Structure formats: structure tokens, C-alpha cells
Amino acid sequence: MIYIKTKKEIDYISESCKIVAETLQLLKRYVRIGITTKELDQIAEDYILSNGGLAAFKGYSQGGSSIDYPAAICASIDEQVVHGIPGNRVLKDGEIISLDVGVLKNGYFGDAALTVAVGNISEEKKRLMDVTEKSLYLGIEQAVANNKVHDISAAVQTYVEANGFSVVRDLCGHGVGKFLHEEPSVPNYGKKGTGPKLKSGMTIAIEPMVNLGKYSVKTNYDGWTVVTVDGLPSAHFEHTILISNGEPEILTVC
Ligand code: MF3
Ligand code: CO
């Protein structure tokens, strides 16, 4: 079932989302050649805790045999699509890193992600990042009451593919609020005019994951890190959105 949030719930979700956005802005300032993803993770967790929140991904279970997620953030470099586990890897010139942050506060979740450049990146990677971010905003434009979920999906897919890139099929955006992952699923591909109807008071995370090459992905030996099968880079941008009768409201802003 898709939850319609009350005013009070929306206030709590917005509060968590604001901390998510602030954490991402903070991390962006720290991304540079020579820093490790573990250091970024620590900076993020300290910030979240000092604002009365919890890092929502830590301890998250995806079921099956993989370990519970062991870090505060996801840090996914180049061919890593999402769910990269922070560690001792040192950022190098020319890499792109996707940072994904979730916060739980007052019992409500916020979720967002962005991709940033480390030093000087290739034109191709720059275009990949720009197209992915633009596709998120085109998806957000469709996130209004009385539209269908796949209006968002189609907007993302059409733009990405027109630019020669591919959208990941195996992972999707999602409802968010009372739980990190709620209904509806928000795919980044699909047919306009289909899927559940959007209603005022729904809160959803839209998160295009865009590959420079083919869309196929697989999960690494660590049970979490999703990588492209062809080894080519991938970018990821995400916002938590409130559906209303007017303009979509981006909650993960600060
Ligand atoms: N934004 C991602 C998602 O919605 C992050 C989840 S990481 C996890 O799936 F560890 F919580 F799974
Ligand atoms: Co998400």
C-alpha cells in the first residue's frame, strides 16, 4: 500500500531530508584527491548524529545471505553503480564518486544522492553526470498529483537514451517516509500513463542510475556493491519528493 502522509509526518520527513541535503553538501566540500571513502563516511555520520539523526543505511538488511549494510553512507566510484561500502580506497584524479545518504529522525526517513568529480574528469564522464542529473529533474517534473508513476520513469528513460546512455533496470526509486523503502517502486524506465496514480501527500525517492555503456549490473563479492557488467562508469542522482496538487516539492534541499 502507498501511504499518504499527514502534515505532521511531512514535517518530520522534511526534517530528515534537510539533514540529508546538508550532509551531502558537506561531503561535496570534502571530496578531493587523496581522501578515503571511510573518511567521508565518518564525516557524514558525525554530522548526522550531531543533528539528532541516525544514519539510516547502517544495519540495513536486504535479506538473503549478505551482511547488514556496515556503513553510514554509500560511496560508489566509477563503475560502481550504488551501494559501494566506504573503506580504505583513496580517491584519485579523474574518478567520479556517487554519494548516497539516508537519515532517520523522529521515526521518519529522508534519502538523497549525488555524483561528484574528483579532480579533472573526462568530457564523457562530465556528460554522464549532467545527463543523469537532468534526467532526475525531468522525472521530478512529472511527480504531480494525478500523474502515474511511470510518467516519471518514461521521462527519465527517454532523456537518458536520447543522450546515448542507459538506465539501470535492476534497481529503482521508491516510496520513502515511515520506512526507507515503501511502495510504490519508481523505475527509471517504463511506459507513460501506466503504474499507480500519484496523489497529494505521497513522498517518493526518484533516483536515476545511469550507465555510460550497457545497462546490465551485478553485485560484487561483498554482497552489496553494484557494478556495471561492462566496467564502464555510472552516475546516480536522487531526491526525496513530496507530491502535491501544485509543483512537486523537493524535500532534500537545504
Ligand atoms: N538510496 C539507496 C536506496 O534507496 C540506498 C540504500 S543503501 C542501503 O536503496 F544500505 F540502505 F541499502
Ligand atoms: Co533511495
Side-chain angles (χ1 to χ4, degrees), residues 1-29 41 43-60 69 72-74 82 98-116 133-147 149 151-152 155-156 172-186 188 196-208 236-254:
M1 97 161 229
I2 306 179
Y3 300 107
I4 304 292
K5 274 80 177 187
T6 63
K7 170 81 177 69
K8 187 157 184 64
E9 289 182 301
I10 292 164
D11 285 346
Y12 283 143
I13 295 166
S14 303
E15 195 176 330
S16 296
C17 284
K18 182 167 179 283
I19 302 170
V20 169
E22 288 165 356
T23 307
L24 285 169
Q25 291 312 310
L26 179 68
L27 288 174
K28 236 174 134 170
R29 296 209 305 272
D41 190 69
I43 290 161
E45 186 162 28
D46 288 348
Y47 186 80
I48 294 166
L49 291 174
S50 70
N51 281 278
L54 288 173
F57 302 161
K58 206 171 203 173
Y60 187 85
Y69 193 73
I73 67 167
C74 302
V82 287
S98 301
L99 300 165
D100 195 340
V101 174
V103 166
L104 170 64
K105 187 175 174 180
N106 300 312
Y108 289 87
F109 290 89
D111 186 11
L114 46 75
T115 303
V116 283
E133 186 169 24
K134 178 78 187 295
S135 77
L136 168 60
Y137 285 95
L138 292 171
I140 292 171
E141 269 180 27
Q142 298 298 318
V144 290
N146 299 317
N147 267 9
V149 169
D151 292 336
I152 299 170
V156 170
C172 296
H174 49 93
V176 57
K178 281 163 89 75
F179 302 95
L180 178 60
H181 296 127
E182 301 178 349
E183 285 180 43
S185 174
V186 184
N188 294 303
K197 189 188 265 198
L198 294 168
K199 294 185 186 143
S200 184
M202 289 180 180
T203 45
I204 59 170
I206 304 176
E207 50 178 320
H236 180 212
F237 284 84
E238 174 179 25
H239 273 305
T240 297
I241 308 297
L242 169 65
I243 310 294
S244 72
N245 289 309
E247 291 285 295
E249 199 179 325
I250 302 176
L251 300 181
T252 35
V253 288
C254 55

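All figures in this text were calculated on a predicted structure; none of them were measured in a lab. Numbering starts at 1 and runs along the sequence shown.
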Is it true that Y60 and H181 have ring centroids separated by less than 6.0 Å? yes
Any side-chain heavy-atom pair of [X] and [Y] under 4.5 Å:
X	Y	answer
I13	L242	no
T252	L24	no
Y137	H239	yes
I241	I206	yes
L198	N146	no
V20	D111	no
V101	I48	yes
C172	V186	no

Under 3.5 Å: donor-acceptor pair, side chain of [X], backbone of [Y]:
X	Y	value
S98	T115	no
S16	I19	no
N147	A143	no
D151	Q142	no
E183	I2	no

How far apart are the closest heavy atoms of [X] and [Y], and which atoms are they?
X	Y	answer
P184	V149	CG-CG2, 3.9 Å
V144	G246	CG1-O, 3.4 Å
S135	V156	O-CG2, 3.5 Å
T203	K5	OG1-NZ, 2.9 Å
C17	L251	CB-O, 3.2 Å
F179	F109	C-CD1, 3.4 Å

Distance in Å, [X] [atom1] paired with [Y] [atom2], rounded so as to fall on 0.5 Å steps:
X	Y	atom1	atom2	result
N106	E15	CG	CD	5.0 Å
N51	D46	CG	CG	11.0 Å
T23	E45	OG1	CD	10.5 Å
I10	S200	CD1	OG	7.0 Å
T6	D11	OG1	CG	8.5 Å
L136	H236	CG	NE2	9.0 Å

Residues passing the ring pair (Phe, Tyr, Trp, His ring centres under 6.0 Å) test with Y108, sequence neighbours excluded, are Y12
The ring pair (Phe, Tyr, Trp, His ring centres under 6.0 Å) partners of Y69 (sequence neighbours excluded) come to W224
**OP:** Run the numbers on E9 and I4 for side chain to side chain contact (heavy atoms under 4.5 Å, CB included), then give the verdict.
**Re:** CA-CA 9 Å; E9 289 182 301; I4 304 292; over 6 Å; no
| said: Go through it in stages, so that I can follow the logic: the residues are E141 and L138, the test is side chain to side chain contact (heavy atoms under 4.5 Å, CB included), and I'd like the CA-CA distance, side-chain angles, deciding distance and then a yes or no. | reply: CA-CA 5 Å; E141 269 180 27; L138 292 171; 4.2 Å; yes
> Is the number of heavy atoms from other residues, nucleotides or ligands within 6.0 Å of NZ (K18) greater than 12?
Replying inline: no
